[in-house]
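Just below is one structure, and these are the notes that go with it.
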Amino acid sequence: MTDVTARSGQDIIDAWLAAHSSDLIGWRRDFHEHPELSRQEVGTTDTVIAALTALGLSPQRLPLGTGAVCDLGPDGPGRIALRADMDALPIPEHTGLRFRSRVDGVSHACGHDAHTAILLGVAHVLAEAGDLPVGVRLIFQPAEEVMPGGALDAIEAGVMAGVSQIFALHCDPRLPVGSVGLRVGALTSAADHVDLTLHSPGGHTSRPHLTGDLVYAMGTVITGLPGILTRRVDPRSGTVMVWGAANAGNAANAIPQEGRLKGTVRTGTHEVWTELEPLVRSIIGELLGPLKVSYDLSYFRGVPPVINDADAVADLTRSVSACGPAAVADTPQSPGGEDFSWYLEQAPGAMGRLGVWDGIGPQVDLHSPNFDIDERALAVGVRTLAGVVLGYR
């Protein structure tokens, strides 16, 4: 064991990576080969707990049975938390990799296998570093891919108690390997789901005046709600409503009795997010009021936007800069959702976007059956998160 003050944090990280890069890649490939869906990450959790225990640490399984939390360094308030999500997606894998998913219809198409491996590497670096300058909490979180997200379960289990800052990384196939995208303020968007079922007595298409024309009513909502929303909220908020499913009827000459619409509402500001549900409900009522159809609306609040704290971004910037002169990259706000935002309701922190594109092949987006990473990004991830701790000021 070596006292952190005896050598620079970067020297400690360099030494560990020189000796264990193949281990880091091996962990990622093992997780990739054995993906588990949200709240089913039992094997992944077992692997993480066994690895941390072998380091002499005392990881704790989260109360719902998947996910783990582990403390290192000095006790007391003011801990730095580092979070990785663990779950896979119900998406088949078409990469053709030698270590591709062994589970039919399930794959790590969002890079959570890399996130978990990186945090496991960070655990090894910090455990071998000796006396740490600050207490650390490692959070291996399940169920990021389901709303409102497993972060809420972890928070309920007390993982944020005594935490003063929290950090995370997320794979980004638009950024080249070796870089980390950083941004102060909103990094992602809030994301809610709308599920609307419309009801009509039905009837013949020759006599729509005698019933509620359900398909016409659906069309009114399909076009009206997204358009009116843009006139009811600040356009700078980046609010967008998009339908993903519309289903009703089978016959060309029959007005159906039931139709269903499903969609998402996204916004880039926390203030607008708090207003969206009552606003959507009001607009739907206004649109359908004259059309003689009834409806049931289920509005599912998802996650707030990730709002990166300026001081936390500065800490990440110092750490990422040690990876190379061009390692720090700009990154735009994404319309996607991320449940890391729930932790930021409890303490300031920041998420960085980890470049995983090899710079040669196509930039395959997240949640694609062909998504893969340049594994050199794993070392960058370890340098970034371990560097935040070892460079603590």
ask   = Taking Asp87 for the side chain and Glu145 for the main chain, is one N or O donor matched with an acceptor at less than 3.5 Å?
value = yes
When His115, Gln141, Glu144 are each screened for side-chain hydrogen bond (donor to acceptor under 3.5 Å, both in side chains) with Arg83, the one that passes is Gln141
Inset, instruction - Any chance you could lay out the side-chain contact (heavy atoms from CB on, under 4.5 Å) test for Ile373 and Leu378, step after step, and finish with the verdict? - result: CA-CA 9 Å; Ile373 70 166; Leu378 300 173; 4.1 Å; yes
Residues Arg28, Asp372: salt bridge by 4.0 Å N-O rule | yes
### Query
Does the pair Arg29/Glu375 count as a salt bridge with the N-to-O cut at 4.0 Å?
yes
_Heavy-atom donor-acceptor pair, Arg137 side chain to Asp71 backbone, under 3.5 Å_ = no
Q: Output yes when Arg383 and Asp14 qualify as a salt bridge under the 4.0 Å nitrogen-oxygen rule, no when they do not.
A: yes
- Query: Which of parallel (below 30°), tilted (30 to 60°) and perpendicular (above 60°) describes His32 and His108?
  - Reply: tilted
Within the distance-only criterion (no hydrogens, no angle test), does the side chain of Thr116 pair as donor or acceptor with the backbone N or O of Asp113 below 3.5 angstrom?
-> no
Quiz item: Step by step, would you call Phe300 with Met147 a side-chain contact (heavy atoms from CB on, under 4.5 Å)?
Solution: CA-CA 8 Å; Phe300 301 98; Met147 288 191 180; over 6 Å; no
ILVMFWY cluster, Leu126 and Val134 together (side-chain gap under 4.5 Å): yes
Is it the case that over 12 heavy atoms from other parts of the model lie below 6.0 angstrom from the CG atom of Asp296? yes
- Query: Got more than 12 heavy atoms from elsewhere within 6.0 Å of CD, Glu345?
  - Reply: yes
Please check if any side-chain donor atom of Thr44 sits under 3.5 Å from a side-chain acceptor atom of Glu36, or the reverse.
yes
Worksheet item: Does atom CG of Asp104 have more than 12 heavy-atom neighbours, drawn from other residues, nucleotides or ligands, at distances under 6.0 Å?
Response: no
Any donor-acceptor N/O pair, Arg376 side chain to Ala379 backbone, under 3.5 Å: no
Distance col, row Thr220:OG1 vs Leu225:CG, nearest 0.5 angstrom, shows 11.5 Å
Applying side-chain contact (heavy atoms from CB on, under 4.5 Å) to Arg393 and Asp315, what does each step give before you reach the verdict?
CA-CA 9 Å; Arg393 300 178 180 181; Asp315 292 337; over 6 Å; no
- Item | side-chain contact (heavy atoms from CB on, under 4.5 Å) between Leu55 and His124, worked out | CA-CA 7 Å; Leu55 287 171; His124 279 72; 3.5 Å; yes
Is a salt bridge present between Arg61 and Asp46, judged by a nitrogen-to-oxygen distance below 4.0 Å? yes
| Does the side chain of Thr331 come under 3.5 Å of the side chain of Arg353 through a donor N or O and an acceptor N or O? | yes
Expected output: side-chain Asp339 to main-chain Ala151 donor-acceptor under 3.5 Å: yes
**Request:** Please check if Trp16 and Leu72 belong to a single hydrophobic cluster, counting links between Ile, Leu, Val, Met, Phe, Trp and Tyr side chain heavy atoms closer than 4.5 Å.
**Result:** yes
Between Gln10 and Ser8, do the side chains contain an N or O donor and an N or O acceptor separated by less than 3.5 Å? no
Notebook entry, point to check: For Val306, does its backbone N or O pair with a side-chain atom of Thr188 as donor and acceptor, under 3.5 Å?
Noted result: yes
(Q) Please check this pair: side chain of Glu41 against backbone of Arg39, looking for a donor-acceptor N/O pair closer than 3.5 Å. (A) yes
